[in-house]
Amino acid sequence: MSENLVIVESPAKAKTIEKFLGKGYTVKSSFGHIRDLSKKKLGIDIENGFEPDYEISADKKKVVSELKALARKASTVWLASDEDREGEAISWHLFQTLGLSAGNTKRIAFHEITKHAILEAIDNPREIDMNLVNAQQARRVLDRLVGFELSPVLWKKVAPKLSAGRVQSVALKLIVEREREILDFKTEPYFKASGVFHPVKEKASVKLNASSEGRFPDEVSAVSFLEKCKDAHFSLEGCDTREMEKSPAPPFTTSLLQQEASRKLGFSVSQTMMIAQRLYESGLITYMRTDSTNLSSLAINTIKELIVSSWGAEYSRPRQFKTKSLGAQEAHEAIRPTYVANTTIEGTAQEKKLYELIWKRAVASQMSNARVEKTTLTIGAPEIEEKFTSSGEQILFPGFLKVYLESTDDDNAAQDENQILPAMNIGDSLNAVKIAVAQKYTQKPQRYSEASLVKKMEELGIGRPSTYAPTITTITQRGYIKRESRPALQRDIVVFSLKAGNISREESKENYGAEKNKLFPQDIGMLVTDYLENNFKDILDYGFTASVEEDFDKVACGKLVWNKMIAAFYKGFHKEVENSITETERAHSERVLGTDPASGKPIIARLGKFGPLVQKGANDDSEKQFASLASGQLIGSITLEEALKLFELPRNLGEYNEVKVSVSNGRFGPYIKYGSSFVSVPKGMSPYTITLQQAVEAIENHKTREERKHIKEFPEIGVEILDGRFGPYIKYSGAAIDGKDYAAGNYKIEKGTDASAMSLEDCKRIISSSTPSGKSGFRAAKAAKAAKSSGTGKTRK
DNA sequence: CAGTGAGCGAGCTTCCGCTTGACTT
């Protein structure tokens with residue numbers, strides 16, 4: 001029997017701490033919160049001072065009973081959850097639920113996971129801070145009230161199963177507002193000059209690229225500028241050299257890690273968290289859900305030793321970074337390698353990459369500043385007003401740049417000209433080898449990526465490290481937003497060039513508007529945002545969270561009583577809820593686009609039962625027609641022309657082998673229907689213009705691909721061997737094999753096996769000795785269970 | 001997976017934060 005029971009939040013942490021404490025101490029984990037408000041009911045007694053009604057969460061019953069048993073036997077229980085609002089509440093819930101007594105319970109907090117810090121914590125116990133606990137209760141109750149009163153309003157006024165909340169609704173609003181900015185943006189063409197110059201006294205090969213700030217509104221002014229350049233005498237008018245220092249970025253917080261892993265490694269926000277979780281559980285990195293940039297003194301020292309021994313003392317500059325994000329609670333360290341001596345690790349390719357990123361960032365943060373010399377040359381001529389500038393950077397001392405360079409969201413800024421500039425004096429003559437004035441377009445605002453949305457949320461203090469990824473998942477699952485990529489479009493540009501005294505005009509194309517994994521609002525998301533904005537303006541305000549956080553802070557330091565604060569908020573809020581239920585109309589999104597020139601009927605875009613549609617004919621027209629909007633089209637921006645096109649589908653193309661061929665747009669894009677089989681319209685072709693011949697070609701291609709895909713089959717055991725995207729695999733129907741049933745799904749075939757030579761016995765062996773691979777097996781099993789419990793086999797995503 | 005788009009209205013949906021494990025005949 002152990003005399004001391006220590007309870008922390010995370011099992012990985014428990015394992016480490018147990019090692020440090022040794023005999024006489026049992027260290028267990030609560031796995032986060034153990035109690036919460038009821039899952040189904042409001043769980044708040046509004047009449048009675050907003051008294052919360054807590055329940056032990058279903059998935060925590062086992063942990064609670066285990067902890068209860070251990071606590072009964074222990075002489076002292078040490079509550080060691082994190083030292084922030086949520087952590088304090090966890091300790092209090094444990095105290096209450098486990099039936100602990102004040103006499104043998106001690107509250108402690110570890111500031112770092114080292115033997116010294118842990119022993120120090122044990123030496124300095126305190127009591128549970130009820131003010132901090134109450135601040136958490138206020139936070140919890142407010143979020144529940146907002147979420148559980150707002151969502152039902154949406155069910156009534158918009159559509160069932162929708163949701164709203166303090167965090168998700170504001171995250172959604174950011175995306176919707178950005179889309180509106182993009183829709184409202186007027187792209188304007190302009191002309192911008194750039195030149196290649198040759199310093200007269202240098203060798204002919206020495207060239208200088210320079211650009212001009214001057215913009216010209218149209219072709220006429222662009223050409224007249226080049227006319228003036230023809231006889232201009234260029235010389236160096238300015239030379240500005242300045243030495244600057246660049247300092248390293250802080251070590252990672254959750255949000256910074258998500259941003260950099262997205263930019264540098266292309267990981268999604270939730271992917272980053274899953275990989276980081278594995279690194280944490282293997283003991284390779286510190287905790288990955290943190291808002292702090294602090295490093296422990298031990299970490300700072302060991303990193304310093306590593307830097308000095310690897311690159312020399314001049315590369316070391318130990319420092320602590322100030323956490324500047326709004327509402328940071330700083331219960332953990334920054335994310336860093338646990339043992340910085342591990343420069344590489346064992347693991348998957350993704351784990352290695354993420355670890356390397358974390359390692360470099362942490363090490364670089366403790367290195368000296370880089371010193372760079374930035375030179376800007378100004379080139380001008382008495383004949384013209386516009387100046388050309390050329391800049392170059394020279395690294396005098398690399399410092400942290402030896403290890404890590406932070407990236408930016410703006411790709412254009414990254415290609416800062418890094419040319420080597422020739423030594424020149426003011427007044428030196430230059431020849432213009434070539435001057436070009438190229439057409440450019442003003443740039444629309446950028447859509448959010450998952451990572452840039454997290455960055456923005458953190459700036460506003462909305463959400464926490466543990467909720468950034470789940471929030472994006474929620475608003476995606478509600479159908480409010482969609483993560484999508486879009487191919488580049490093409491537009492015309494004109495370039496005028498002055499070369500050897502001649503001005504030429506050239507027309508060409510440029511790609512623009514490509515989007516990779518960006519967040520696009522959907523019609524339902526825009527409708528919900530508009531409805532909430534119109535009726536609950538204060539909740540949707542970007543400053544709402546920050547202002548309630550101020551109140552929570554006052555509760556935390558005892559200056560405000562938590563349920564009084566909630567009462568004050570609820571009074572106004574609940575009135576708005578009641579008002580919106582009784583006073584407002586059902587939200588609708590109808591937009592009349594114009595009239596159909598053929599029939600004279602109105603064309604209306606609106607949200608239907610199954611999503612956005614266009615309608616030909618008024619609502620009371622008994623012969624009205626419908627067509628779904630294509631992916632990427634919005635009710636708010638679709639034009640009459642685009643809408644009329646939608647009615648052209650499905651198109652009948654004729655017959656092939658006496659079977660009907662038609663094209664249409666489906667949920668998964670344009671498709672060709674051939675009898676009862678379906679083939680995707682080939683990339684680059686449109687369902688509006690594809691010919692019968694092209695469609696037949698696609699059908700035949702599809703057929704041969706399908707045939708090639710089929711390697712072998714053993715129908716007696718329900719097995720097909722197919723050639724998939726990742727090579728051959730076994731597709732198994734779940735039919736009995738030798739009297740035994742196995743899980744249906746796809747089974748992996750070991751790499752290097754000749755699939756066409758596989759025997760019946762081989763397949764039996766694989767199915768009986770392994771489980772279906774990937775998510776399909778898991779999902780299939782889950783879906784089967786859901787179907788069974790609900791009584792219907794059909795589920796809609 | 002490749003359509004659908006009425007109306008009535010059972011009974012249900014929903015929040016934010018803290019933490020992992022995870023299914024079947």
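Lettering of chains follows the sequences in order, A, B, ..., and the numbering in each one begins at 1. FYI, side chains are in, hydrogens and waters are out, and symmetry mates aren't considered; it's all heavy atoms of this structure.
B:dT25 and B:dG21 are spaced 23 Å apart, taking the C1' atom of each and rounding to whole Å. Taking atom C1' on both B:dA6 and B:dA2, the two are 24 Å apart, rounded to the nearest angstrom.
In this structure, A:Lys616 is not positioned above the aromatic face of A:Phe626 in the sense of NZ or CZ being under 6.0 Å from the six-membered ring centre and within 45° of the axis. Because its NZ or CZ atom is not both nearer than 6.0 Å to the ring centre of A:Tyr531 and within 45° of the ring axis, A:Lys157 does not count as a cation-pi partner of that residue. Under the 6.0 Å distance and 45° angle rule, A:Arg139 does not count as a cation-pi partner of A:Trp562.
Residue contacts shown for A:Gln168 are limited to sugar-phosphate atoms, with no base heavy atom under 4.0 Å away.
Judged by centroid separation below 5.5 Å and plane tilt below 30°, A:Phe610 stacks onto the base of B:dT4.
By the side-chain hydrogen bond (donor to acceptor under 3.5 Å, both in side chains) test, A:Glu66 is found to be paired with no residue, residues two or more places apart in sequence or in another chain being considered. Partners of A:Lys173 under the side-chain hydrogen bond (donor to acceptor under 3.5 Å, both in side chains) rule, at least two apart in sequence or in another chain, are A:Glu533.
For B:dT20, the OP1/OP2 oxygens have a side-chain nitrogen or oxygen of A:Arg289 closer than 4.0 Å.
If you measure from atom NZ of A:Lys60 to atom C1' of B:dA22, you get 15 Å, rounded to the nearest angstrom.
Interface residues of residues 88-97 of chain A facing DNA chain B, ordered by number: none; criterion, heavy-atom separation under 4.0 Å.
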